[in-house]
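Data first, discussion second: the structure below is written as structure tokens.
First the proteins, then the strands, lettered A, B, ... as listed; each starts at 1.
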Number of protein chains: 2
Amino acid sequence: MEIENGCEWSGGDDGQVQEVQERLVDGVTAARLARTFKALSDPTRVRIISALSHRELCVHELAACLGMSQSAISHQLRTLREMRLVRRRKEGRHVFYTLDDDHIHDLFHQGLEHVEHE
Amino acid sequence: MEIENGCEWSGGDDGQVQEVQERLVDGVTAARLARTFKALSDPTRVRIISALSHRELCVHELAACLGMSQSAISHQLRTLREMRLVRRRKEGRHVFYTLDDDHIHDLFHQGLEHVEHE
DNA sequence: GTAATATATGAGCAACCATTCAAATATCGA
DNA sequence: TCGATATTTGAATGGTTGCTCATATATTAC
């Protein structure tokens with residue numbers, strides 16, 4: 001893996017590196033952060049979240065809205081469910097999905113703002 | 001691909017689906033959004049952003065801080081550069097990296113808040 | 001019961017990704 | 001010039017992922 005312990009810059013001592021190291025997010029937090037952002041890192045999932053941010057929808061409606069197969073949508077809904085981003089409610093043959101987490105909603109919209117004016 | 005055009009729910013007409021469809025983010029926006037979140041969807045990149053949010057760092061320092069090989073860091077910096085998240089400044093043998101975009105900084109911290117209290 | 005509808009899921013596959021390893025480039029000091 | 005340091009890059013690789021296809025489950029209507 002070949003890891004060095006610091007370059008000759010930063011005054012020759014590693015104190016400055018260590019200072020950054022202390023303020024750095026820890027491994028577990030970094031992993032959870034990455035996992036959170038990963039939930040929104042796919043166009044299909046982004047569009048699902050976007051659709052559900054307007055109103056509750058069943059799987060078939062989502063598939064129709066996005067122009068994708070029911071299976072593909074169902075697979076993505078599964079991962080969104082496991083990430084606790086969506087919740088499901090069964091009603092007869094239909095399963096309705098809603099956004100579960102308001103924070104993700106905020107994150108989504110902040111990302112949207114960032115993308116829209118650039 | 002087997003795409004259906006709407007289920008019998010929603011009153012039997014596709015008007016309601018179409019309404020959601022109109023408010024949906026378009027494909028290009030969804031792709032750009034996904035791309036933005038993807039930049040932060042990896043633990044290593046998250047930690048790089050976290051480190052650079054404290055101060056400017058050269059590649060070797062980053063590798064030392066994260067305890068990873070210089071090559072791995074360099075590869076990730078390349079993708080972060082291509083995504084316009086970091087900027088580089090050359091000074092002699094060293095190449096210093098800084099965060100390029102304040103929006104990403106905000107996005108990062110909002111994600112951090114979300115992860116920290118849950 | 002059967003048929004139709006709605007959803008979920010497992011296998012398979014092609015595409016992508018993060019890292020390692022080896023090698024190339026560039027700069028500085030002697 | 002040579003050797004050491006700093007960074008970049010390409011190939012290879014093991015792992016992940018998003019989709020399709022086929023199939024399974026569940027509910028409703030008949």
Side-chain angles (χ1 to χ4, degrees), chain A residues 1-10 12 14 17 27 30-31 34-35 37-48 56-83 86-97, chain B residues 1-10 12 17 27 30-31 34-35 37-49 56-83 86-97:
Chain A
M1 217 203 272
E2 191 218 330
I3 299 168
E4 318 286 325
N5 50 357
C7 69
E8 292 176 355
W9 182 267
S10 59
D14 295 330
V17 165
R35 196 178 142 82
F37 285 118
K38 195 167 209 164
L40 296 165
S41 72
D42 174 76
T44 301
R45 286 195 294 273
V46 162
R47 290 164 77 214
I48 289 176
E56 188 183 51
L57 289 165
C58 72
V59 180
H60 224 83
E61 287 174 317
L62 274 168
C65 283
L66 306 197
M68 294 182 65
S69 79
Q70 170 270 323
S71 181
I73 298 297
S74 195
H75 275 295
Q76 291 293 11
L77 284 172
R78 178 185 164 89
T79 82
L80 288 172
R81 230 186 307 137
E82 284 169 352
M83 290 169 169
V86 301
R87 207 172 3 203
R88 62 173 164 179
R89 174 176 71 81
K90 223 175 162 185
E91 185 175 320
R93 279 178 291 187
H94 298 263
V95 178
F96 287 93
Y97 282 83
Chain B
M1 214 202 277
E2 191 219 330
I3 300 168
E4 318 285 322
N5 49 359
C7 68
E8 291 178 354
W9 182 267
S10 60
V17 166
R35 197 178 142 82
F37 286 117
K38 195 165 210 167
L40 296 165
S41 72
D42 175 76
T44 300
R45 287 196 293 273
V46 162
R47 290 165 76 215
I48 290 175
I49 298 293
E56 187 183 52
L57 290 164
C58 73
V59 181
H60 223 83
E61 286 174 318
L62 273 168
C65 283
L66 306 198
M68 294 181 65
S69 79
Q70 171 271 326
S71 180
I73 298 296
S74 193
H75 275 295
Q76 292 292 10
L77 284 171
R78 180 184 164 86
T79 83
L80 287 172
R81 229 187 307 136
E82 285 169 352
M83 289 170 170
V86 301
R87 206 173 3 204
R88 65 172 163 181
R89 173 178 72 82
K90 222 175 164 186
E91 186 176 321
R93 278 178 290 186
H94 297 262
V95 178
F96 287 92
Y97 281 84

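- If you check D/dT27, C/dT20, C/dT7 against the side chain of B/S69, the one that comes closest is C/dT20.
- Remark: B/K38 NZ to B/R45 CZ distance equals 8.5 Å, nearest 0.5 Å.
- The closest side-chain heavy-atom distance from A/L57 to A/Y97 is not below 4.5 Å.
- Nucleic acid contact class of A/T79 (heavy atoms, under 4.0 Å, all strands): none.
- Between B/F96 atom CZ and C/dT27 atom C1' there is a gap of 14 Å when expressed in whole angstrom units.
- Going from atom CZ of A/R35 over to atom CE of A/M83 covers 5.5 Å, rounded to the nearest 0.5 Å.
- Which of C/dT7, D/dT7, D/dG18 sits closest to the side chain of A/D42 comes down to D/dG18.
- Distances shorter than 4.0 Å separate none of the side-chain N or O atoms of A/H94 from OP1 or OP2 on D/dT27.
- Distances were taken from every side-chain heavy atom of A/R45 (C-beta onward) to each of C/dT19, C/dA8, D/dG18; the shortest belongs to D/dG18.
- The nucleotide whose nearest atom lies closest to any side-chain atom of B/M68 is, among C/dA6, C/dT19, D/dT7, C/dT19.
- The separation between B/L80 atom CG and C/dT19 atom C1' is 15 Å, rounded to whole Å.
- Distance CD (A/E82) to P (D/dT17): 11 Å, rounded to an integer number of Å.
- Under the 4.5 Å side-chain criterion, counting only non-hydrogen atoms from C-beta, B/H60 is not in contact with B/H94.
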Could you list all N or O pairs between the protein and nucleotides 10-16 of chain C that sit under 3.5 Å apart?
unit_1	atom_1	unit_2	atom_2	d
C/dG10	O6	A/H75	NE2	2.9

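- Nucleotide C/dT7 holds its P atom 11 Å from the CZ atom of A/R88, rounded to whole Å.
- Nearer to the 5' terminus of DNA chain C, by closest-nucleotide assignment, is the contact made by A/R81 (compared with the other of B/S41 and A/R81).
- Map A/A72 and A/K90 each onto its nearest nucleotide of DNA chain D; the residue landing nearer the 5' end is A/A72.
- Computed from coordinates, the B/Q76 CD to D/dT7 C1' distance equals 16 Å when rounded to whole Å.
- Every residue meeting the salt bridge (Lys or Arg N to Asp or Glu O under 4.0 Å) condition with A/R78, not counting sequence neighbours, appears here in chain and number order: A/E82.
- Residue B/E91 contributes atom CD, which lies 13 Å from atom P of C/dT27 at whole-angstrom precision.
- Applying the 3.5 Å distance criterion, the base of C/dA6 shares no donor-acceptor pair with the side chain of A/Q70.
- Residue A/R93 places its side chain closer to C/dA6 than to any other of D/dA4, C/dA6, C/dT19.
- Note: CD1 (B/I73) to C1' (D/dT7) measures 13 Å, nearest angstrom.
- A distance of 13.5 Å separates NZ of A/K90 from SG of A/C58, quoted to the nearest 0.5 Å.
- In this structure, the nucleotide among D/dT9, C/dT7, D/dG18 sitting nearest to the side chain of B/S74 is D/dT9.
- Distance from the side chain of A/Y97 is smallest for C/dA8 among the nucleotides C/dA6, C/dT19, C/dA8.
- Rounded to whole Å, the distance from NE2 on A/H60 to C1' on D/dA26 is 16 Å.
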